[in-house]
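Reading through the structure tokens given below for one structure.
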Protein chains: 2
Amino acid sequence: MAVTNDTPLDAEEFAAYLALREVASLLEHGVEQQLREDGGIGGAQFGILAQLYSSPTGQARMTDLADSLVYSRSGLTYQAGQMEKAGLITRAPGENDERSVMVELTPAGRELLERVMPGHLEVVRQLFFQWLSRDDVLGLADLMPRLRDHMRTAPPRSAKPRRPGPGRSPR
Amino acid sequence: MAVTNDTPLDAEEFAAYLALREVASLLEHGVEQQLREDGGIGGAQFGILAQLYSSPTGQARMTDLADSLVYSRSGLTYQAGQMEKAGLITRAPGENDERSVMVELTPAGRELLERVMPGHLEVVRQLFFQWLSRDDVLGLADLMPRLRDHMRTAPPRSAKPRRPGPGRSPR
DNA sequence: TATTGTTATACTCTATAACTATA
DNA sequence: TATAGTTATAGAGTATAACAATA
């Protein structure tokens, strides 16, 4: 397991990483603003809506949503509570497993997503894809899902290098 | 130039976008955790430290920091306050312009960044670059900075299409 | 007047820990 | 015992608007 510290990022990689941070930040800001203005929701709720929408049944389990959206369960409960109050989703106990809660998209929720989506795509396109060549897009479309799968699989946070003990008495 | 709504994202682009969202989220979480554990700082303060560190003088103006980090000025003031309290930076009025405030990295701040950086790079590598081919990295290194520059230049939020009214009768 | 930065404030979000209920 | 979810809570972070000072 060569999960050691022997190959640090080179300057090129680091520059790419910093630029990625900035791009992600800019994109997130733009998107957040559009969602807020056009639909009165934030990125978290948008993610939930999109997740449910893309499900054949329009349903999903709380825990699965939390996992796929990188949320704590309590955090998801909070958002789900807001969304239920707003009439965007319903929550009902699972049929097979009484412990679980199935979240379901309401017509209003579906409608909201459909109403917000055009502007959302527009922003993403203007802010992001507008600047990409066809090849860029193909590259991303190939890379990102692959990358996501890897990251999902990777050890969440094991082997945490305590400190690459170079200097022994820091300070 | 055709900043209209005539070319929505296709399925491929949208999938890439969703995956990008997820990747960014996973990466952010991992990074945030490492920074918090190893340095007691969050991504925002890390960004500030990195920005100052990469400056030849170790200094920067408040507003410039806020802009480059996509923050409101009050938000930056808050972070700067925390960091000053922690001894990571100092704030002093600008020499040329008395209105401005120059933020400067202290030795402790520099030391913190240097202490945190190895683990940070390690996480980024394990979480992200580990899965990329050499070509992937080159592609990103080429694309991301370019993309960032475009996004910085793009109209911050003008021409906000009230709703895809491409026709001449916007309702 | 315009710009820079801070303050006051209010609010959103998020996570941790304790708890309930089901498997 | 292990899993699913909620609740209580507490804290970090963020933005808006009003304000003070300088250009």
Side-chain angles (χ1 to χ4, degrees), chain A residues 25-26 28-37 39-48 59-86 88-104 156-157, chain B residues 24-26 28-37 39-49 59-86 88-104 156-157:
Chain A
S25 176
L26 286 163
E28 187 188 348
H29 265 254
V31 158
E32 202 80 16
Q33 181 177 323
Q34 182 269 329
L35 291 175
R36 187 66 61 190
E37 288 180 0
I41 59 175
Q45 296 192 14
F46 172 79
I48 295 172
Q59 292 181 332
R61 249 183 14 141
M62 287 292 283
T63 293
D64 294 335
L65 278 178
D67 284 348
S68 98
L69 297 172
V70 199
Y71 271 69
S72 67
R73 279 184 297 183
S74 72
L76 182 63
T77 294
Y78 168 76
Q79 294 293 357
Q82 300 297 109
M83 295 173 76
E84 194 172 39
K85 213 181 304 176
L88 303 176
I89 59 166
T90 57
R91 277 185 290 186
E95 296 186 349
N96 301 337
D97 189 336
E98 281 284 327
R99 294 172 303 180
S100 63
V101 166
M102 295 302 288
V103 181
E104 182 167 11
R157 38 105 142 251
Chain B
S25 177
L26 285 163
E28 187 188 347
H29 265 252
V31 158
E32 202 80 17
Q33 182 177 321
Q34 182 269 329
L35 291 175
R36 188 66 61 189
E37 288 179 0
I41 59 174
Q45 297 192 14
F46 172 78
I48 295 172
L49 290 178
Q59 293 181 331
R61 248 180 18 137
M62 286 292 282
T63 293
D64 294 337
L65 279 178
D67 284 348
S68 99
L69 297 171
V70 198
Y71 271 70
S72 67
R73 279 182 297 182
S74 71
L76 182 63
T77 295
Y78 168 75
Q79 294 292 358
Q82 300 296 110
M83 296 174 75
E84 194 172 39
K85 214 181 302 175
L88 303 176
I89 60 166
T90 56
R91 277 183 292 185
E95 295 185 348
N96 301 339
D97 189 335
E98 282 284 329
R99 292 172 305 181
S100 63
V101 166
M102 295 301 289
V103 181
E104 182 167 11
R157 36 93 146 260

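Residue numbers start from 1 in every chain, and the chains themselves are labelled A, B, ... in the order their sequence lines are given, proteins ahead of strands.
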Original post:
Separation of B:Arg99 atom CZ from C:dT1 atom P, in whole Å?
Top reply: 17 Å

**OP:** Determine whether B:Met102 and B:Glu95 make a side-chain contact, defined as any pair of heavy atoms from C-beta on separated by less than 4.5 Å.
**Re:** no

**OP:** Indicate whether OP1 or OP2 belonging to C:dT6 is found under 4.0 Å from a side-chain N or O atom of B:Arg91.
**Re:** yes

**OP:** Under 4.0 Å between any heavy atoms, over every strand shown, what does B:Tyr71 touch: base, sugar-phosphate, or nothing? Just pick one.
**Re:** sugar-phosphate

Subject >> Heavy-atom check, side chain of B:Leu65 versus side chain of B:Gln79, under 4.5 Å >> reply: no

Subject >> Given DNA chain C, 5'-ward residue of the pair A:Arg73 and B:Met102, judged by closest heavy atom >> reply: B:Met102

Subject >> Rounded distance (Å) that lies between atom C1' of D:dT3 and atom CG of A:Asp64 >> reply: 12 Å

Subject >> Below 4.0 Å: OP1/OP2 of D:dA15 and any side-chain N or O of B:Ser72 >> reply: yes

Original post:
Can you find a pair of side-chain heavy atoms, one from B:Thr77 and one from B:Arg91, that are under 4.5 Å apart?
Top reply: yes

**OP:** Let me know the distance between CD of B:Gln79 and C1' of C:dT7, rounded to the nearest Å.
**Re:** 16 Å

Original post:
From the list D:dT14, D:dA12, D:dT22, which nucleotide is the closest neighbour of the side chain of B:Asp97?
Top reply: D:dT22

Original post:
Is any side-chain N or O of A:Arg36 closer than 4.0 Å to OP1 or OP2 of C:dC11?
Top reply: no

**OP:** Give the intermediate values and the outcome of side-chain contact (heavy atoms from CB on, under 4.5 Å) for residues B:Met83 and B:Leu49.
**Re:** CA-CA 9 Å; B:Met83 296 174 75; B:Leu49 290 178; 3.5 Å; yes

Original post:
Could you give the CZ-to-C1' distance, from B:Phe46 to D:dG13, as a whole number of Å?
Top reply: 18 Å

Subject >> Earlier contact from the 5' end, DNA chain C, for A:Glu98 and A:Ser74 >> reply: A:Ser74

Original post:
Given atom CG of B:Asp67 and atom P of D:dA15, what is their separation to the nearest angstrom?
Top reply: 12 Å

**OP:** Whole angstrom is fine here: how far is it from NE2 in A:His29 over to C1' in D:dT16?
**Re:** 15 Å

Subject >> Whole-Å distance separating the CE atom of B:Met62 from the P atom of C:dT3 >> reply: 18 Å

Original post:
Rounded to the nearest Å, what distance is computed from the OH atom of residue B:Tyr78 to the C1' atom of nucleotide C:dA10?
Top reply: 14 Å

Original post:
Does the side chain of A:Val103 reach to within under 4.5 Å of the side chain of A:Gln59, using non-hydrogen atoms?
Top reply: no

**OP:** Among C:dT7, D:dT7, C:dA15, find the nucleotide with the atom closest to the side chain of A:Thr77.
**Re:** D:dT7

